[in-house]
Engineer: 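Once you've had a glance at the structure underneath, I'll fire off some questions.
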Amino acid sequence: MQIASQQFGIKVGNCKSHTCDSVRSRRRISIMATSSSAFHKLLTVGTKIIAVGRNYAAHAKELGNAVPKEPVLFMKPTSSYLANGGTIEVPHPLESLDHEVELAVVIGRKARDVLQATAMDYVGGYAVALDMTAREIQSSAKSAGLPWTVAKGQDTFTPISSVLPQSMVQDPHKLELWLKVDGDIRQKGSTGDMMFNIPFLISHISSLITLLEGDVILTGTPQGTGPVKIGQKIDAGITGLLDIHFNVDKRRRPQN
């Protein structure tokens, strides 16, 4: 029987014997406690989200962008986080947002001027996240040479899972990311297709910006991004490890 935590979306494998069930249950409780603590730090200790744009060549091409020679970086506020099961809010006057499923790397300790050879020592865990994007706003900003903050950083624009301990992920470059809208698969891709891998990203970013415990690097999205409309539902995950679920609704502001 597959054991999973509905609260955290963690999958802990299959089991057939009562003994194995007991072991799996204890392991699940331990993982949930670790994930809960890590998620709390993510929301309360982490100071920033650094996102990597165009890190999958196919995604860059589908949006008509050049494939970069070095990482394209932008930042999102931590106030944009949304826990699993929440509602993604579409701001007025928009009717949809674009979905981008990504592997999130959670930093475990302060990192500055880190070498690629030791970069993985600074990883505290992994999560699956969505970089929700107001594409019309982003396109206008890009045309005018303006930042993407309003298009990427609004409240609920970074839905994210619980944090998987590093020990649960044997190779972060051999993970399958997927995303569905109303049950239809929209995105599916391998983290092995990233142009700039995790050690390179940690080393590169930490040479520019000090990374602190709980900070997150969003490592880019595979091809297949597209709109999700008000009233639809998003399911996403890392195959065999995590899944997350979100509704999409119009943002409702207080009435004067």
Engineer: With a 3.5 Å distance limit and no angle check, can you tell me whether H99 reaches the backbone of G226 through a side-chain donor-acceptor pair?
Structural biologist: yes

Engineer: Output yes when E89 and R252 qualify as a salt bridge under the 4.0 Å nitrogen-oxygen rule, no when they do not.
Structural biologist: no

Engineer: Any luck finding a side-chain donor-acceptor pair between T221 and Q187 under 3.5 Å?
Structural biologist: yes

Engineer: Verify whether one side chain among H204 and E70 offers a donor that lies under 3.5 Å from an acceptor in the other.
Structural biologist: no

Engineer: Write down the atom of F246, the atom of I160, and the distance for their closest heavy-atom approach.
Structural biologist: CZ-N, 4.0 Å

Engineer: What's the spacing between L73 CG and L201 CG if we round to 0.5 Å?
Structural biologist: 8.0 Å

Engineer: For L97 and V248, what are the C-alpha separation, side-chain angles and deciding distance, and is it a side chain to side chain contact (heavy atoms under 4.5 Å, CB included)?
Structural biologist: CA-CA 9 Å; L97 298 171; V248 181; 5.8 Å; no

Engineer: Taking all non-hydrogen atoms of both residues, which atom of K142 and which atom of W148 are closest, and how far apart?
Structural biologist: CG-NE1, 3.2 Å

Engineer: I'd like to check L103 versus Y126 (side-chain heavy atoms, cut-off strictly below 4.5 Å). Are they in contact?
Structural biologist: yes

Engineer: To the nearest 0.5 angstrom, please state how far the CZ atom of R186 sits from the NZ atom of K188.
Structural biologist: 14.5 Å

Engineer: For the hydrophobic clusters of this structure (ILVMFWY residues joined by side-chain heavy atoms under 4.5 Å, transitively), does one cluster hold both L146 and L94?
Structural biologist: no

Engineer: Is there a side-chain contact between I88 and L82 (heavy atoms, below 4.5 Å)?
Structural biologist: yes

Engineer: Are the side chain of T133 and the backbone of R135 linked by a donor-acceptor contact shorter than 3.5 Å?
Structural biologist: no

Engineer: Per the side-chain contact (heavy atoms from CB on, under 4.5 Å) rule, which among T156, D98, V228 passes with M132?
Structural biologist: V228

Engineer: Tell me, do S190 and K174 make a side-chain contact under 4.5 Å, heavy atoms counted?
Structural biologist: no

Engineer: Would I230 and S96 count as a side chain to side chain contact (heavy atoms under 4.5 Å, CB included) here? Give the steps.
Structural biologist: CA-CA 6 Å; I230 293 168; S96 67; over 6 Å; no

Engineer: Please report the interatomic distance CG(L177) to CG(L242), rounded to the nearest 0.5 Å.
Structural biologist: 10.5 Å

Engineer: What is the distance from atom CD1 of I217 to atom CD1 of I50, rounded to the nearest 0.5 Å?
Structural biologist: 6.5 Å

Engineer: Hey, is the main chain of F200 close enough, under 3.5 Å, to the side chain of S203 for a donor-acceptor pair?
Structural biologist: no

Engineer: So, the side chain of T191 versus the backbone of P172: is there a donor-acceptor pair under 3.5 Å, distance only?
Structural biologist: yes

Engineer: Do M75 and V150 belong to the same hydrophobic cluster, where Ile, Leu, Val, Met, Phe, Trp and Tyr are linked whenever their side-chain heavy atoms lie under 4.5 Å apart, directly or via other members?
Structural biologist: yes

Engineer: Can you name the nearest heavy-atom pair linking K152 to F157, along with the distance?
Structural biologist: O-CB, 3.5 Å

Engineer: Once side chain to side chain donor-acceptor pair (under 3.5 Å) is applied, what residue pairs with a partner in residues 226-239 remain, sequence neighbours excluded?
Structural biologist: E176-T239, D182-Q232, D235-H245

Engineer: Taking it one step at a time, do D249 and V90 satisfy side chain to side chain contact (heavy atoms under 4.5 Å, CB included)?
Structural biologist: CA-CA 6 Å; D249 202 354; V90 180; over 6 Å; no

Engineer: Between CZ of F196 and NZ of K69, what distance do you get to the nearest 0.5 Å?
Structural biologist: 11.0 Å

Engineer: Under 3.5 Å, side chain of S206 to main-chain N/O of I202, donor-acceptor pair present?
Structural biologist: yes

Engineer: Considering non-hydrogen atoms only, spot the tightest contact between T47 and T78 and give its length.
Structural biologist: C-CG2, 3.8 Å

Engineer: Do F74 and L218 touch side chain to side chain, with heavy atoms closer than 4.5 Å?
Structural biologist: no

Engineer: Working note: N84 + S161, criterion side chain to side chain contact (heavy atoms under 4.5 Å, CB included); need CA distance, chi angles, decisive distance, verdict.
Structural biologist: CA-CA 6 Å; N84 186 20; S161 72; 5.7 Å; no

Engineer: With rounding to the nearest 0.5 Å, note down the distance linking CD in Q223 to CD in E100.
Structural biologist: 13.0 Å

Engineer: Looking at every non-hydrogen atom in both residues, tell me the closest pair between T219 and N55 and how far apart they are.
Structural biologist: O-ND2, 2.9 Å

Engineer: Over all heavy atoms of both residues, which pair between P77 and I49 is shortest? Give the atoms and the distance, please.
Structural biologist: O-CD1, 3.4 Å

Engineer: Does some side-chain heavy atom of L212 sit less than 4.5 Å from a side-chain heavy atom of I107?
Structural biologist: no

Engineer: Can you hop from V114 to M120 via hydrophobic side chains spaced under 4.5 Å?
Structural biologist: yes

Engineer: Do M168 and L164 come close enough that some side-chain heavy atom pair is under 4.5 Å?
Structural biologist: yes

Engineer: Is any side-chain heavy atom of L179 closer than 4.5 Å to one of V181?
Structural biologist: yes

Engineer: Keeping the roles fixed (side chain from E102, backbone from G220), state whether a donor-acceptor pair exists under 3.5 Å.
Structural biologist: yes

Engineer: Give a yes or no on whether the backbone of D113 and the side-chain of S207 come within a donor-acceptor separation of less than 3.5 Å.
Structural biologist: no

Engineer: Tell me, yes or no, whether the heavy-atom count around K48 atom NZ, taken from other residues, nucleotides or ligands under 6.0 Å, exceeds 12.
Structural biologist: yes

